[in-house]
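Throughout, residue positions are numbered sequentially from 1 according to the sequence presented.
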Amino acid sequence: MRKPHKLLPNYLLLYRHTRPYTSTAANPVPAASAVLRDLDLLDAGELAPTPRVYHTFITACAQSKNLEDARKVHAHLASSRFAGDAFLDNSLIHLYCKCGSVLEARKVFDEMRRKDMVSWTSLIAGYAQNDMPEEAIGLLPGMLKGRFKPNGFTFASLLKAAGAHADCGIGRQIHALAVKCDWHEDVYVGSALLDMYARCGMMDMATAVFDKLDSKNGVSWNALISGFARKGDGETALMTFAEMLRNGFEATHFTYSSVFSSIARLGALEQGKWVHAHMIKSRQKMTAFAGNTLLDMYAKSGSMIDARKVFDRVDDKDLVTWNTMLTAFAQYGLGKEAVSHFEEMRKSGIYLNQVTFLCILTACSHGGLVKEGKRYFEMMKEYDLEPEIDHFVTVVALLGRAGLLNFALVFIFKMPIEPTAAVWGALLAACRMHKNAKVGQFAADHVFELDPDDSGPPVLLYNIYASMGQWDAAARVRRIMKTTGVKKEPACSWVEMENSVHMFVANDDTHPRAEEIYKMWGQISKKIRKEGYVPDMAYVLLRVDDQEREANLQYHSEKLALAFALIEMPAGATIRIMKNIRICGDCHSAFKYISKVFGREIVVRDTNRFHHFSNGSCSCADYW
């Protein structure tokens with residue numbers, strides 16, 4: 001017969017469960033297993049059951065997020081005399097939400113005989129934390145009907161849900177209720193309020209809420225910075241970041257992530273380096289969360305060397321890290337490097353998703369790797385991934401860029417889903433590249449029908465006819481554009497210099513140093529002509545004589561930006577230029593000569609990709 005044991009003192013159990021379980025050589029038992037062992041002690045009568053003991057078990061399971069053990073604790077509690085205890089039921093709601101099983105949390109909630117404020121708030125928070133905003137907001141009417149007054153935790157969760165739902169109408173109503181309940185000035189509710197408005201794109205309201213906060217904290221500053229970053233207002237995000245530091249608040253990896261995202265959109269490399277240096281000085285660990293945006297910032301700011309260094313230094317690389325590096329290779333037209341990176345991903349055993357395949361297909365499209373692109377598109381089946389419309393668009397671009405326009409047409413006709421305007425637009429862009437007016441007109445007709453408000457396709461079609469000298473057809477397209485109100489986006493280029501940005505448009509005479517810039521371009525033009533540069537008149541899509549065509553080519557925005565950079569920047573410094581539309585073909589040719597004659601590395605980022613000019617050649621290998 002088994003010898004009875006004395007009851008284990010509850011304070012020893014509580015001590016054990018309030019300390020994190022660690023695995024060591026002497027004690028390899030994980031937290032969840034220890035909880036199950038203590039349940040056995042309860043069954044054996046060696047441990048006195050109390051609500052506090054059960055709460056300790058629940059807390060341990062919530063920390064480990066072990067759903068299976070959570071269910072066992074719940075089952076054990078349900079068969080005890082403490083079943084139905086409101087405090088423990090509330091703890092179970094929190095536990096199931098932590099484990100990601102909100103349905104089971106809702107079941108506990110629905111079966112409660114008496115709900116209190118904690119019950120409602122726990123479930124609302126659980127829905128909000130598990131990306132179920134509609135369900136979280138849907139609980140509010142029932143809560144108010146039961147005469148429960150929301151508290152700060154309730155409002156914070158409701159506002160988080162309203163922000164995720166991106167419904168500013170509901171958010172405003174919750175804001176009004178917070179004012180009525182006198183919670184709007186609470187720092188945590190205030191931070192949730194401004195985050196909600198920021199996620200809804202209402203930065204004026206977010207800023208107004210921020211300014212009214214009596215005591216600001218790191219959360220409120222981060223919410224404001226990330227709001228400007230999401231809105232695409234990188235300059236304001238950077239200024240807010242600087243103001244945050246001046247006010248004595250320390251940046252976190254969330255802060256740096258938002259700031260790096262803002263800089264990536266601006267392409268402001270020097271600003272990015274300054275923020276990166278600040279991150280290093282503050283001894284922030286290079287987590288994947290911040291490292292991914294830092295990697296993206298360097299890639300989009302034209303520094304692949306720095307992007308690669310960051311990739312190599314990121315601790316615990318996740319799928320986003322790998323995908324971001326793959327995207328960088330694709331944007332630079334480094335097809336072979338992208339393929340090598342993709343194969344390394346496969347060998348590492350990391351899970352590949354649809355974004356991964358979109359990145360590698362884009363890389364193949366930009367690099368002219370048709371065979372590889374087709375193979376990777378078919379490979380999606382091996383990973384049980386269904387191609388989305390973006391994958392089909394990229395394959396059409398892959399075939400079209402390679403001149404396989406008929407194959408691209410057949411591919412479109414065989415698509416299992418209805419082709420969208422983007423699919424036909426990819427074909428139209430390829431027709432522009434290969435000057436195929438017949439297929440181009442066919443593709444354009446479909447785009448006009450599916451997306452009549454898009455200004456891009458009419459411009460592309462006009463360019464096709466103009467480049468082929470079919471001026472009557474080009475004039476017809478121009479008349480259609482005028483009738484429908486379509487306007488071509490004016491081209492502009494900009495270059496960052498000493499923390500300031502200088503912007504140019506074609507034939508720009510507004511810059512304070514315009515005379516000096518034009519004189520410099522004249523000198524550049526003479527030098528590269530001696531090396532063999534000949535202006536390509538095909539890129540002047542106007543019906544004018546050759547002399548006027550050549551004059552029209554000389555002062556494109558990117559050429560003026562480059563001339564200014566050569567005046568201002570020290571010898572040997574890499575020049576980085578951004579452009580809001582695709583780089584002109586003649587400018588592309590001129591930049592290759594300039595990189596050789598002046599011994600400069602020139603990086604141009606346009607809407608489609610990067611072009612890295614060095615010693616007379618471009619990273620795109622003229623395949624763009």
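In this structure, OG1 on T394 lies 11.5 Å from CD1 on I360, to the nearest 0.5 angstrom. The NE2 atom of H175 lies 10.0 Å from the CZ atom of F155; values are rounded to the nearest 0.5 Å. Separating the CD1 atom in I528 from the NZ atom in K596 is a distance of 12.5 Å, to the nearest 0.5 Å. Here the straight-line distance linking atom NE2 of H611 with atom NZ of K592 works out to 11.0 Å at 0.5 Å rounding. In this structure, the separation between CG on L361 and CZ on F392 is 10.5 Å, given to the nearest 0.5 Å. A distance of 10.0 Å separates CG of L193 from CG of D186, quoted to the nearest 0.5 Å.
Under the 3.5 Å distance criterion, with hydrogens and angles disregarded, no donor-acceptor pair is assigned to the side chains of D296 and T293. A donor-acceptor contact closer than 3.5 angstrom links the side chains of S493 and S557. Judged purely by distance below 3.5 Å, without hydrogens or angles, the side chains of T321 and D318 pair a donor atom with an acceptor atom.
Taking the side chain as every heavy atom from C-beta outward, E496 and Q271 approach each other to under 4.5 Å. Counting only heavy atoms from C-beta outward, the side chains of Q331 and K300 approach each other to under 4.5 Å. Side-chain contact between W322 and T356 is absent, with no heavy atoms from C-beta onward closer than 4.5 Å. Put simply, the side chain of R401 reaches to within 4.5 Å of the side chain of H366, judged on heavy atoms. For the pair K309/D306, a side-chain contact is recorded, criterion being any heavy-atom separation below 4.5 Å from C-beta on. Looking at M304 and L334, their side chains come closer than 4.5 Å, going by heavy atoms from C-beta outward. Using a 4.5 Å heavy-atom threshold, the side chains of L177 and P150 count as touching. The closest side-chain heavy-atom distance from M569 to R600 is below 4.5 Å.
The aromatic ring centres of F289 and F254 sit less than 6.0 Å apart. A centroid separation of less than 6.0 Å is found between the aromatic rings of H588 and F613. In summary, the aromatic rings of Y188 and F153 are positioned with their centroids too far apart to meet the 6.0 Å limit. If you look at F504 and H511, their ring centroids are closer than 6.0 Å. When ring centroids are compared, F241 and W221 stay outside the 6.0 Å threshold.
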Verdict with reasoning, R582 to R609, per side chain to side chain contact (heavy atoms under 4.5 Å, CB included): CA-CA 8 Å; R582 288 181 65 204; R609 63 188 297 167; over 6 Å; no
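Of all heavy-atom pairs between D316 and A288, the closest is O-CB, 3.8 Å. Contact record, I389 with T420: CG1-OG1, 3.6 Å, taken as the closest heavy-atom pair. N580 and W494 get closest at one heavy-atom pair: N-CZ3, 3.9 Å.
Looking at residues two or more places apart in sequence or on another chain, you find a side chain to side chain donor-acceptor pair (under 3.5 Å) between E516 and R513. Not counting sequence neighbours, the partners of T574 by the side chain to side chain contact (heavy atoms under 4.5 Å, CB included) test are R576, E601, V603. Not counting sequence neighbours, T324 has no partner by the side chain to side chain donor-acceptor pair (under 3.5 Å) test.
Heavy-atom neighbours of E134 CD from other residues, nucleotides or ligands within 6.0 Å: at or below the threshold of 12.
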